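Taking it in order: structure first as structure tokens, then the write-up.
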Amino acid sequence: MADRQRIVILGGGFAGVNVARHLAKSARNDDEIILLSSSKMHTFTPWLYEIAAARADEHGKQEKRSMAKTSDISLDFLKPRVAIREVKIAGLDLQHEHVLIEDGKTVRYDALVIALGSEMAYFGIPGLQKFALTLKTTSDALAIRRKIAELVADLRRGDKSELKIVIGGAGPSGVELAAEIATMFTGLERRREIAKNIVSITLVDGGERVLGMMTSKISRLAEHRLRVLGVKVILRARINEVKVGEVLIKAPSSSPIAGGEFTVLPSDCTIWTGGVQPAAVLKNFALPKDPRGRILVESTFEVQKQANIFALGDAAMFVDEVTKQPLPQTAQAAENVAPVVAGNVLRALRRTKLEAYKARKQWPYSIAVGGNYALLGYGNLVLSGWLGYVIRRLVDLRYFLNLLPLATAVKFWVRGVLKYRKND
Ligand SMILES: Cc1cc2nc3c(=O)[nH]c(=O)nc-3n(C[C@H](O)[C@H](O)[C@H](O)COP(=O)(O)OP(=O)(O)OC[C@H]3O[C@@H](n4cnc5c(N)ncnc54)[C@H](O)[C@@H]3O)c2cc1C
């Protein structure tokens with residue numbers, strides 16, 4: 001090992017950024033910390049639904065840039081302690097302890113943190129990847145916004161007489177997006193710009209209820225709120241194929257939707273939020289993985305059977321030894337795990353005993369369901385409505401304050417909150 005130890009972090013998402021900031025505080029001055037990511041921005045995904053459903057009558061390059069500024073945080077805040085390199089990672093040479101970069105270069109490491117996250121999964125559904133928009137990155141959110149803006153312009157000009165939006169996947173992203181788009185159209189109707197009865201928003205999911213991974217109480221409240229907002233919810237129905245202008249779904253005969261087993265939903269804008277898979281590049285990493293391709297880690301977040309290599313976030317599979325439950329794939333969990341990983345990286349380099357992570361039994365969660373309304377849950381406790389929304393926004397502010405200098409954090413938060421208020 002070289003005298004000056006080099007810690008390399010792969011990925012600038014919630015996991016990578018939070019490990020980097022903890023290491024920046026606790027590593028020795030002569031330890032070198034490098035973060036490699038395909039983007040110099042850290043995307044705050046919890047706000048993407050707001051961008052996607054931002055008032056569709058505003059557009060133009062400047063507006064697009066200013067919307068992106070509300071979700072993307074420059075990684076510069078980690079400098080100079082952490083060196084940031086914008087590169088496309090291509091693989092890993094375990095034998096020589098090198099990260100392989102797409103341009104043929106390599107980066108040596110003494111300790112490695114893999115935080116490469118996830119990307120959309122399409123499950124081989126014909127036409128889905130080609131014809132559906134998604135909501136994973138800021139560009140995705142802006143693409144949805146652009147598409148809706150075009151369709152609204154068509155309605156205004158009279159080129160179209162109705163607008164149909166189909167969203168696949170009633171997990172948190174799908175629910176938040178459907179509700180916010182519905183709220184945006186309510187606003188357009190209030191301003192007498194577009195009648196809402198010519199707009200249909202349909203949320204399709206194969207499960208028994210929306211937000212299937214949460215408590216049934218949260219699901220009930222969310223579904224009720226969606227229906228109040230005018231979103232049509234179709235459950236126990238799977239998307240079978242997506243074509244230009246239509247979505248073919250398969251529903252059991254007991255389903256209330258007409259047309260028998262297969263139903264064609266006309267769609268001017270199809271959006272897929274129905275699942276993620278580990279980042280594609282992980283296929284090139286010869287590390288132990290679960291059947292879905294996530295890297296298997298020990299209770300210390302060290303990759304199984306590998307010294308000095310750690311993985312966390314959406315790219316990793318951690319199962320709690322006591323509860324036998326996997327850690328959720330959320331920003332919240334990645335942030336919670338990050339200090340343990342940072343500490344263990346330093347322990348590994350100093351050859352001291354690693355610390356096991358103790359997972360929470362329960363995670364609080366919040367789902368925004370249109371406008372200033374959110375469901376906040378912890379176990380069986382649920383808080384709904386405006387207060388839930390305010391607390392959610394304060395939790396967002398806490399995140400920015402952890403990351404950024406006070407003034408920058410507050411500015412970032414205020415900019416987003418003011419911008420998104422226009423949606424409602
Ligand atoms: C729309 C949406 C809303 C969400 N809302 C919430 C929420 O409210 N609360 C919550 O807790 N969670 C939320 N999540 C989940 C949360 O965003 C993820 O769990 C979290 O981003 C995982 O963090 P990560 O660092 O593991 O991965 P990511 O955030 O995906 O980061 C991965 C990083 O790796 C980089 N990368 C990937 N491949 C390469 C490569 N080949 N070369 C170089 N760099 C690469 C990427 O550029 C990125 O910087 C939401 C997710 C989405 C999509």
Side-chain angles (χ1 to χ4, degrees), residues 8-20 35-53 71-73 75 84-92 99-103 107 113-121 133-141 144 167 169 171-178 180 211 213-214 271-285 294-295 297 301 310-318 327-338 341 363-368 374-377 392-393 395-396 399:
V8 176
I9 301 164
L10 309 184
F14 284 90
V17 159
N18 281 288
V19 171
L35 188 146
L36 309 178
S37 187
S38 51
S39 163
K40 284 193 171 171
M41 294 293 179
H42 165 35
T43 298
F44 189 69
T45 51
W47 281 4
L48 290 182
Y49 76 93
E50 293 270 20
I51 293 183
S71 63
D72 285 353
I73 302 168
L75 294 179
I84 309 293
R85 293 205 204 147
E86 192 175 359
V87 292
K88 191 97 179 117
I89 296 150
L92 195 57
V99 178
L100 310 178
I101 309 299
E102 215 170 59
D103 62 8
V107 179
V113 177
I114 303 170
L116 288 165
S118 57
E119 56 189 39
M120 286 316 293
L133 298 170
T134 56
L135 187 64
K136 186 78 175 93
T137 63
T138 303
S139 314
D140 294 341
I144 294 173
I167 300 172
S173 304
V175 166
E176 293 192 332
L177 181 64
E180 197 61 24
L211 303 173
M213 72 298 288
M214 295 179 181
I271 306 168
W272 175 242
T273 65
V276 292
Q277 62 190 19
V281 66
L282 292 177
K283 292 197 182 103
N284 305 339
F285 287 28
R294 290 173 297 186
I295 300 171
V297 293
F301 280 88
F310 296 80
L312 76 161
D314 285 7
M317 177 59 171
F318 170 98
L327 208 60
Q329 284 188 273
T330 61
Q332 192 189 165
E335 191 194 353
N336 189 262
V337 164
V341 172
W363 295 86
Y365 47 83
S366 71
I367 308 292
L375 294 167
L376 220 64
R392 179 187 163 116
R393 284 286 182 250
V395 171
D396 297 339
Y399 182 73

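Counting starts at 1 for both ligands and their atoms, following the listed order. Remember, it's a predicted structure, so these values are computed and weren't measured experimentally. Residue numbers count from 1 along this sequence.
For V276, no heavy-atom contact with ligand 1 is shorter than 4.0 Å. Looking at Q329 against ligand 1, only its backbone comes within 4.0 Å, counting heavy atoms.
Residues meeting the side-chain hydrogen bond (donor to acceptor under 3.5 Å, both in side chains) test with S71, sequence neighbours left out: T138. By the side chain to side chain contact (heavy atoms under 4.5 Å, CB included) test, A331 pairs with F14, sequence neighbours left out.
Taking all heavy atoms of L10, T45, I101, L177 into account, the minimum distance to atom 52 (C) of ligand 1 is reached by T45. The option with the heavy atom closest to atom 53 (C) of ligand 1, from among L135, V337, I51, N284, is L135. Comparing A90, S173, A338, G16 by heavy-atom distance to atom 2 (C) of ligand 1, the nearest is S173. Residue nearest to atom 40 (C) of ligand 1, selected from L75, I89, L48: I89 (by heavy-atom distance).
Here is the list of ligand 1 atoms found below 4.0 Å of a heavy atom in G12: 33 (C), 48 (C), 49 (O).
The shortest side-chain heavy-atom distance between I144 and I271 falls under the 4.5 Å cut-off.
The shortest contact between atom 21 (O) of ligand 1 and any protein heavy atom is with F14 CD1, 3.3 Å.
Between R392 and E50 there is no salt bridge, since no side-chain nitrogen of the basic residue lies less than 4.0 Å from a carboxylate oxygen of the acidic one.
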